[in-house]
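Everything below concerns the one structure shown next.
Throughout, protein chains are lettered first and strands after them, A, B, ... in sequence-line order, and every chain is numbered starting at 1.
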Amino acid sequence: MSDRVIGATIESVTFRDFPGVVGELSPEQFTGLVSGETFERIDRRGKHLWLAFDGGDGLFVHLMMTGQLLLLRPGAERARFEHLRLGLSSGWELAYADQRKFGRVLRYSDQQWAAKEGQIGPEPLDTSFTTALLVSSMRSRTSPIKAFLLDQRKVAGIGNIYADEALYRARIYPGRSTGSLDDAEIERLHVAIRAVLQEGIERRGTTLSDYMDADGARGTNAANLRVYGKGGKAVCEECGCPLERVVIAGRGTHFCPGCQHDEGR
DNA sequence: TGTTATGTTGCCAT
DNA sequence: TATGGCAACATAAC
């Protein structure tokens with residue numbers, strides 16, 4: 001998005017059928033606050049996006065389950081489930097669409113973004129994300145490792161798909177108590193987290209139904225998944241066991257009972 | 001036609 | 001503080 005957004009000024013704001021997409025502000029308040037602002041920088045922490053204005057403050061965006069940020073040409077037909085469109089001086093329009101309306105485009109002060117950012121755990125692809133860091137944050141926790149991985153305060157950016165994929169690659173049962181993992185298991189998990197995320201990025205995202213990039217292109221990582229969505233529908237490509245689906249941490253959890261034992265190793 | 005599942009997170013109760 | 005359940009919403013697949 002950077003090429004078409006950085007340096008561009010917001011010239012128009014159009015609301016569609018869900019003004020709540022911008023939070024508590026009325027459409028008039030939001031329009032007044034962002035009109036004339038120029039984007040200086042696009043940042044990201046985990047799944048949280050930050051589109052910073054050049055004079056300070058900016059837009060905080062979270063896509064949640066079904067959100068889409070789209071760059072459209074002026075006059076382009078309203079996207080399905082489009083709720084907000086920002087007309088930019090660069091000759092593009094930045095639209096936000098979201099079938100389930102969980103996501104938000106919020107006007108945040110720098111302080112609000114700093115506070116939000118401070119809540120988010122380490123970036124798993126940064127060099128600062130070491131096995132030792134993971135070991136110390138996992139110590140003496142009793143919740144399932146799957147719940148730990150989904151907690152954005154512990155590690156940034158892992159969602160339900162990548163949690164299941166990482167645990168499968170590390171051969172760890174998702175229901176294992178976080179604090180019960182030994183050093184070798186945590187080392188495998190560290191490697192697996194980085195691998196599944198890196199591969200997902202290389203394939204430009206896991207599109208199961210809604211995800212698309214700003215050009216409307218689908219990611220191809222769905223074809224790279226080994227377990228997610230396959231419980232009861234496929235066998236493990238390593239051991240041939242039928243894959244299973246259970247609910248852990250309130251989320252559908254897919255795993256191989258042959259490779260991911262309840263008691264480690 | 002009803003029931004259940006879906007990629008996330010915050011709030012609430014314990 | 002840590003943990004677990006559930007609601008927010010629209011749609012697709014059983």
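With sequence neighbours left out, A/S177 forms a side chain to side chain donor-acceptor pair (under 3.5 Å) with no residue at all. Among residues two or more places apart in sequence or in another chain, the side chain to side chain contact (heavy atoms under 4.5 Å, CB included) test is passed with A/E11 by A/S89. The side chain to side chain contact (heavy atoms under 4.5 Å, CB included) test applied to A/Q119 returns no partner, not counting sequence neighbours. When the side chain to side chain contact (heavy atoms under 4.5 Å, CB included) test is applied to A/T178, the partners found at least two apart in sequence or on another chain are A/M138, A/R141, A/S143, A/I145, A/F148. With sequence neighbours excluded, the residues forming a side chain to side chain contact (heavy atoms under 4.5 Å, CB included) with A/A156 are A/R45, A/I120, A/E123, A/P124, listed by chain and number.
Salt bridge A/D98/A/R104: absent, no basic N to carboxylate O contact under 4.0 Å. Using a 4.0 Å cut-off between charged side-chain N and carboxylate O, A/E185 and A/R176 make a salt bridge. A/K230 has no carboxylate O lying under 4.0 Å from a charged side-chain N of A/E237, or vice versa, which leaves the two without a salt bridge. Taking the charged nitrogens against the carboxylate oxygens, A/R4 and A/D215 do have a contact shorter than 4.0 Å, which makes a salt bridge.
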Would you tabulate the nitrogen or oxygen pairs shorter than 3.5 Å linking the protein to nucleotides 1-4 of chain C?
from, atom 1, to, atom 2, distance (Å)
C/dT3, OP1, A/T142, N, 2.7
C/dT3, OP1, A/T142, OG1, 2.9
C/dT3, OP1, A/S143, N, 3.2

N/O contacts under 3.5 Å, protein versus nucleotides 9-13 of chain B?
from, atom 1, to, atom 2, distance (Å)
B/dT9, OP1, A/H62, NE2, 2.8
B/dT9, OP2, A/K47, NZ, 3.1
B/dG10, OP1, A/K116, NZ, 3.1

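Paired runs in DNA chain B that reach 3 or more consecutive Watson-Crick or G-U pairs, where each pair keeps both distances under 3.5 Å, cover B:2-6 with C:10-14, B:8-14 with C:2-8.
Here ring-ring contact (aromatic ring centres under 6.0 Å, His included) pairs that include residues 87-128 of chain A, with residues two or more places apart or in two chains, are A/W50-A/W113, A/F60-A/Y108, A/F60-A/W113. Counting only residues at least two apart or in different chains, side-chain hydrogen bond (donor to acceptor under 3.5 Å, both in side chains) contacts with residues 69-78 of chain A comprise A/D17-A/R78.
One interatomic measurement links the two molecules: CG of A/D210 to P of B/dA5, which rounds to 19 Å at whole-angstrom precision. Taking atom CD on A/Q68 and atom P on B/dT6, their separation rounds to 20 Å, with Å as the unit.
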| said: I need a per-nucleotide contact map over nucleotides 9-14 of chain C, read 5' to 3'. Cutoff is protein heavy atoms under 4.0 Å; write B for the base, S for backbone only, - otherwise. | reply: BBSS--
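Each of A/I6, A/L51, A/D54 was scored for a side chain to side chain contact (heavy atoms under 4.5 Å, CB included) with A/F39, with one residue passing: A/L51.
Note on A/G103: nothing from the nucleic acid sits closer than 4.0 angstrom, heavy atoms only. Here A/R104 lies out of heavy-atom contact (under 4.0 Å) with every strand.
Rounded to a whole angstrom, the distance from the P atom of B/dT4 to that of C/dC6 is 13 Å. When the P atom is compared between B/dT9 and C/dA12, the two are found 24 Å apart, to the nearest whole Å. Comparing the C1' positions of B/dG10 and C/dT11 gives a spacing of 23 Å, expressed to the nearest Å.
Residues A/L59 and A/L86 have side chains in contact (heavy-atom distance under 4.5 Å, counting atoms from C-beta outward). A 4.5 Å side-chain heavy-atom check between A/C236 and A/Y168 finds at least one atom pair inside the cut-off. Looking at heavy atoms from C-beta onward, A/L149 lies in side-chain contact with A/L189 at the 4.5 angstrom threshold.
A heavy-atom distance below 4.0 Å to DNA chain C is reached by none of the residues of residues 194-206 of chain A.
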| Pair A/R44-A/L49, side-chain contact (heavy atoms from CB on, under 4.5 Å): steps then yes or no | CA-CA 5 Å; A/R44 177 196 63 78; A/L49 307 180; 4.0 Å; yes
